[in-house]
Amino acid sequence: MITVLFFASLKEQLGCNGISLSGAGINTINDIKQSLIADKPDWSKWLHKPNLLCAKNCEVVNGDCSVTSGDEVAFFPPVTGG
Amino acid sequence: MITVLFFASLKEQLGCNGISLSGAGINTINDIKQSLIADKPDWSKWLHKPNLLCAKNCEVVNGDCSVTSGDEVAFFPPVTGG
Amino acid sequence: MHYIEVQKKDFNVGYEYQQLVKDNSSDGAVVFFVGRMREFNQGQKVSALTLEHYPGMTEKLLAKIEAEAQERWPLEDSLIIHRYGRMEPGEQIVLVVTASAHRKAAFEACEFLIDWLKTKAPFWKSEETAEGTKWVEAKASDDQAADKWSEK
Amino acid sequence: MHYIEVQKKDFNVGYEYQQLVKDNSSDGAVVFFVGRMREFNQGQKVSALTLEHYPGMTEKLLAKIEAEAQERWPLEDSLIIHRYGRMEPGEQIVLVVTASAHRKAAFEACEFLIDWLKTKAPFWKSEETAEGTKWVEAKASDDQAADKWSEK
């Protein structure tokens, strides 16, 4: 299982706080995006935004970063600070 | 009358917090020093220290600054701040 | 003492100060920063601000930046309390306290931490104005303030 | 609010902060500096510090420097409380608070005021150590800290 979280404006755009994926066929962050879009095509617009950030287990990573079962992956817009 | 005040190490060196002068024959800060030294010759050493500062009515001034009756004049070493 | 808290509830500045300095006579300089919710932002009246964060990641990054401040400056004590949730004008948002034997270190470390918190910490702001509620975009001037520390 | 106090008695940081910010929702940034008596100065253990000042002149110069800070930075509020008399390690000596809409102004003004207070304010320190009580000489590094502000 891979836990996927969404924050801030992205969470509102998707209308979803987060989702759990089985992990089958998922090797990278980009695979997660493809899997989500395969299931919900209207998410494509939001998940392909160029300034979208991603963290794996609380560390910011790139789209080609590997993921394995048990990881927590989060997608969010640029932070605006406290 | 001119009020003369001494602070910090100078006060201890002179063994005196302050003194009142009649003002007769006193036109400048330097006149005050001379008048004090005429009265107490052993103050000369302390009142002639090159880094000694002087204020008239709470404003720092030079030795040739004029003084008149009613003024408050203070002598003190360089400040060390709070 | 080095302390980090990300919390919804308000904090008491006087209490936090007392906790920090008690039984401590080596810190000659204590610098505090309190960030408060302003009624106006860029000329527009804001009736409330909501800060969302990523629980877990926030604490991890705050601990990292606090450790970095301790490496750069001789800090005896440091404290970061950052709130999340909905806040109204005048409410306290963030407290940073740094304590050192000397004031220059305490000032620089405090400014370093708050510059980072205000720009790089994983928070997202939404503002309630007469025009509705909207997400705030990242500001370039804030990034510059944080960037000055990477030149050192 | 712009406030100055030179006093013998201690002050309460939390109380002063509350007074400063109450009913105020325009100050986004509040910076405090608390200067405390250190147990060690230049490697030597100091059991007590006595600050002497020139009553009247101190208040006059503090008001002047506070006015200068207000001219240089957009300060909503500023507060200076400076103690005199005998103090022991850990005791509070001075409090400077600056509040502004933006943090940069609040930090700079606070640092400007404390640099001045620590070097140019008409106070004289005497320290009690194992070797006896002696007057402290003016420090060159402090003067440099205050001088950086005259370059602006």
Side-chain angles (χ1 to χ4, degrees), chain C residues 11-42 45-47 49 76 87-104 106-108 110-112 114-115 117-118 141-142 144-145 148, chain D residues 11-42 45-47 49 76 87-104 106-108 110-112 114-115 117-118 141-142 144-145 148:
Chain C
F11 49 83
N12 180 314
V13 171
Y15 173 81
E16 298 300 337
Y17 169 71
Q18 285 305 328
Q19 292 300 108
L20 193 93
V21 302
K22 70 177 180 189
D23 307 325
N24 175 332
S25 53
S26 60
D27 286 344
V30 186
V31 174
F32 292 61
F33 177 88
V34 182
R36 297 167 70 237
M37 158 77 186
R38 281 187 297 142
E39 195 165 3
F40 287 87
N41 191 18
Q42 297 175 327
K45 190 166 177 167
V46 180
S47 56
L49 174 74
E76 290 288 324
M87 283 159 258
E88 296 190 352
E91 280 193 63
Q92 304 178 136
I93 302 172
V94 56
L95 172 66
V96 178
V97 187
T98 52
S100 177
H102 298 284
R103 67 185 184 278
K104 194 172 183 309
F107 267 110
E108 286 187 358
C110 191
E111 215 175 340
F112 166 79
I114 191 67
D115 278 352
L117 284 166
K118 286 283 198 176
S141 73
D142 268 342
Q144 283 161 10
K148 80 175 179 210
Chain D
F11 50 82
N12 180 314
V13 170
Y15 173 81
E16 299 300 337
Y17 169 71
Q18 285 306 327
Q19 291 300 107
L20 194 95
V21 303
K22 70 177 180 188
D23 306 326
N24 175 331
S25 53
S26 59
D27 286 344
V30 185
V31 175
F32 292 62
F33 177 88
V34 182
R36 298 167 71 237
M37 157 77 186
R38 279 186 299 143
E39 195 165 3
F40 287 88
N41 191 19
Q42 297 174 327
K45 189 166 177 166
V46 180
S47 56
L49 174 74
E76 291 287 324
M87 282 160 257
E88 296 189 353
E91 281 193 62
Q92 305 180 135
I93 303 173
V94 56
L95 172 67
V96 177
V97 187
T98 51
S100 176
H102 297 284
R103 68 186 183 276
K104 194 172 185 305
F107 267 111
E108 286 188 357
C110 190
E111 214 175 341
F112 166 79
I114 192 65
D115 278 351
L117 285 166
K118 286 284 200 177
S141 73
D142 268 342
Q144 283 162 10
K148 80 174 180 210

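These numbers come from a predicted model, not from an experiment.
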Parallel, tilted or perpendicular: ring planes of F33(D) versus F107(C), cut at 30 and 60 degrees: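 Aromatic pair F33(D)/F107(C) classed parallel.
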
What residue, out of A101(C), G14(C), A99(C), has the most heavy-atom pairs lying under 4.5 Å from chain D?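 Sorted descending by pairs with chain D, the first entry is A101(C).
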
Pick from Q18(C), E91(C), E39(C): which one has the most heavy-atom pairs with chain D under 4.5 Å?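 Looking at each of Q18(C), E91(C), E39(C) in turn, E39(C) comes out on top.
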
With a 4.5 angstrom heavy-atom cut-off, which part of [X] approaches chain D: side chain, backbone, both or neither?
X: Q92(C); value: side chain
X: Y17(C); value: side chain
X: I93(C); value: neither

Applying the side-chain contact (heavy atoms from CB on, under 4.5 Å) criterion to F32(D), which one of V97(C), V31(C), V13(C), V30(C) satisfies it?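 Going through the options one by one, the only one that passes is V13(C).
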
Less than 4.5 Å apart, side chain to side chain, heavy atoms only: is that true for H102(C) and R38(D)?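 Yes, close enough: below the 4.5 Å cut-off.
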
Identify the two heavy atoms, one from V21(C) and one from R36(D), that lie closest to each other, and give their separation to 0.1 Å.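 Residues V21(C) and R36(D), closest heavy atoms: O-NH2, 3.3 Å.
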
Nearest 0.5 Å please: distance from the NZ atom of K104(C) over to the CG atom of D115(D).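 So the gap between those two atoms works out to 9.5 Å.
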
